[in-house]
**Q** 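Pasting a structure here, questions to come.
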There are 2 protein chains.
Amino acid sequence: MRESQRAAMPAARKARGRPSARDAMLDAAETVVIEQGAARLTLDAVARAAAVSKGGLMYHFPSKDALLQALVTRAIERSHQARAAQRARLPAGHGQELLAYLQASVGDPLDNDRVSRALLGVVTGNPQLMAPVREFYAARLKQLAREVPFERAALVYLATEGLWLMELLDASPFSKSQRNRVLKQLRSLAVEGGKLP
Amino acid sequence: MRESQRAAMPAARKARGRPSARDAMLDAAETVVIEQGAARLTLDAVARAAAVSKGGLMYHFPSKDALLQALVTRAIERSHQARAAQRARLPAGHGQELLAYLQASVGDPLDNDRVSRALLGVVTGNPQLMAPVREFYAARLKQLAREVPFERAALVYLATEGLWLMELLDASPFSKSQRNRVLKQLRSLAVEGGKLP
DNA sequence: TTTAATTTACCGACCAGTCGGCATAGTAAT
DNA sequence: ATTACTATGCCGACTGGTCGGTAAATTAAA
């Protein structure tokens with residue numbers, strides 16, 4: 001589990017968009033961790049879900065850690081894409097970035113990050129896996145604070161992250177209507193920054 | 001590890017303040033989980049740290065789950081106490097509760113919740129353990145929102161919780177001075193609720 | 001002596017990682 | 001074009017070890 005990082009990684013994706021066996025295995029791993037939790041995310045379970053043997057799985061991921069890293073990386077990439085998608089359908093202007101981030105994080109459904117929810121259990125079990133997440137978070141804040149005053153960006157940022165994390169932990173104390181009130185306020189704070197009641 | 005909830009719990013604390021063997025074992029469990037992480041929080045490790053045999057440990061906690069529940073419960077109690085302590089040394093008035101909560105959560109040191117940090121890994125591994133935490137969170141919000149308008153309470157609440165959780169995850173992107181600026185703003189929002197830059 | 005507390009020894013399940021081998025496809029030499 | 005060789009992808013049995021939980025035996029307390 002130490003530094004087996006880039007030992008033998010068979011070039012498994014010559015063409016970028018192919019559903020290489022590797023990607024199929026990551027999909028399987030996500031299914032397992034979503035349906036059974038981080039504790040039951042075993043190599044055997046992933047292999048079974050991917051309909052390959054354990055040896056076949058470990059051919060592509062030399063260790064369990066390598067598999068987990070790949071999962072986290074893919075989740076981060078998806079997070080990027082979600083924000084970019086929101087940015088694209090938002091009018092340019094003050095607070096566009098902040099609003100896009102807000103919408104991508106806690107926008108209406110929130111169902112698409114069942115993966116993130118499941119991965120929370122994975123990263124808390126392997127704190128080293130947090131490294132890329134940390135970078136991601138830091139870069140995001142930097143970008144958001146370029147657009148609006150730091151204080152306001154930080155406030156919206158923290159509240160959003162708080163809501164997101166509490167919901168990931170299934171610990172949000174807000175009713176549906178309370179949640180809506182909060183979100184409405186956050187949205188207006190992101191673009192205008194007015195007064196607070 | 002299934003539903004062994006309240007099977008056989010030998011009445012191990014007749015007198016409430018005694019450093020009953022039970023409490024010593026919980027202390028040991030905390031040491032283990034802090035120093036070695038949730039994954040290495042095994043019954044053997046706790047027994048070793050408490051200087052008892054594994055059988056002795058399991059006499060007091062009929063299952064590992066019972067031990068974890070007790071850990072979580074104690075952490076919640078301590079959270080209550082920390083807030084009460086802050087409330088006591090704060091001038092009564094508008095936003096006292098909110099400010100006490102803020103100070104207790106992310107007040108200067110933050111070192112005393114190494115336990116919480118460690119327990120995060122425990123609860124993500126056993127989502128059922130979140131039940132008492134959920135209650136705790138819900139009750140807290142209700143109390144905070146009685147004092148100041150809901151919108152403002154919720155905003156401070158979420159931002160505080162966001163900062164706290166990100167720091168628990170070791171993922172806070174703020175520098176020390178940025179953190180201070182944010183806290184200063186949150187404090188003033190808790191008691192005054194003025195404008196935002 | 002009965003009850004409470006604790007020990008020692010063990011079981012069964014689970015799990016990450018290893019290893020030898022198999023099959024297919026491509027390449028090279030004859 | 002047949003043969004020899006090699007690389008890739010995959011298989012599944014096995015190993016060494018960990019961990020939660022159990023049970024009988026032992027000691028301490030009431």
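Proteins get letters first, then strands, A, B, ... in listed order; numbering begins at 1 in each.
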**Q** Round to a whole Å and report the spacing from CG of A/Asp44 to P of D/dC14.
**A** 15 Å
**Q** Rounded to the Å, how far apart are B/Asp65 CG and D/dG20 C1'?
**A**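 Distance, rounded to whole Å: 11 Å.
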**Q** State plainly whether the residues A/Glu97 and A/Arg83 are in salt-bridge range, i.e. N to O under 4.0 Å.
**A** yes
**Q** If you compare all heavy atoms of A/Met25 against all heavy atoms of A/Val46, which two are closest, and at what distance to 0.1 Å?
**A**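 That closest heavy-atom pairing would be O-CG1, 3.9 Å.
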**Q** Rounded off to whole Å, could you give me the CZ-to-C1' distance for the A/Arg22 and D/dT8 pair?
**A** 16 Å
**Q** Is B/Arg40 atom CZ crowded by more than 12 heavy atoms from other residues, nucleotides or ligands, each under 6.0 Å away?
**A**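 For B/Arg40, atom CZ is not crowded (no more than 12 foreign heavy atoms under 6.0 Å).
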**Q** Would you verify whether the NZ or CZ of B/Arg140 falls within 45 degrees of the ring axis of B/Tyr137 while also being under 6.0 Å from that six-membered ring's centre?
**A** yes
**Q** Of all the choices, C/dC15, D/dC19, C/dG17, which nucleotide is nearest to the side chain of A/Met58 once you look at every atom?
**A**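 Of the candidates, C/dG17 comes closest.
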**Q** Rounding to an integer number of Å, can you tell me how far A/Leu43 CG sits from D/dC14 C1'?
**A** 16 Å
**Q** Would you mind reading off the distance between B/Phe61 atom CZ and D/dC19 atom P, rounded to a whole angstrom?
**A**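 For the pair B/Phe61 CZ and D/dC19 P, the rounded distance is 19 Å.
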**Q** Applying the salt bridge (Lys or Arg N to Asp or Glu O under 4.0 Å) test to A/Glu30, which of A/Arg114, A/Arg74, A/Arg117 qualifies?
**A**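 Among A/Arg114, A/Arg74, A/Arg117, the one meeting salt bridge (Lys or Arg N to Asp or Glu O under 4.0 Å) with A/Glu30 is A/Arg74.
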**Q** For B/Leu67 and D/dG21, give me the distance from atom CG to atom P, rounded to whole Å.
**A**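 B/Leu67 atom CG is separated from D/dG21 atom P by 10 Å.
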**Q** Give me the distances for all protein-to-nucleotides 10-12 of chain D N/O pairs that come in under 3.5 Å?
**A**
residue, atom, partner, partner atom, Å
D/dC10, OP2, A/His60, NE2, 2.3
D/dC11, OP2, A/Ser53, N, 2.6
D/dC11, OP2, A/Ser53, OG, 3.1
D/dC11, O5', A/Ser53, OG, 3.3

**Q** Which pair of non-hydrogen atoms, one from A/Pro173 and one from B/Ala138, has the smallest distance, and what is that distance?
**A**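 Closest approach of A/Pro173 to B/Ala138, heavy atoms only: CB-CA, 3.7 Å.
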**Q** In whole angstrom, what separates B/Asn126's CG from D/dG20's C1'?
**A**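 So the CG-C1' distance, B/Asn126 to D/dG20, works out to 13 Å.
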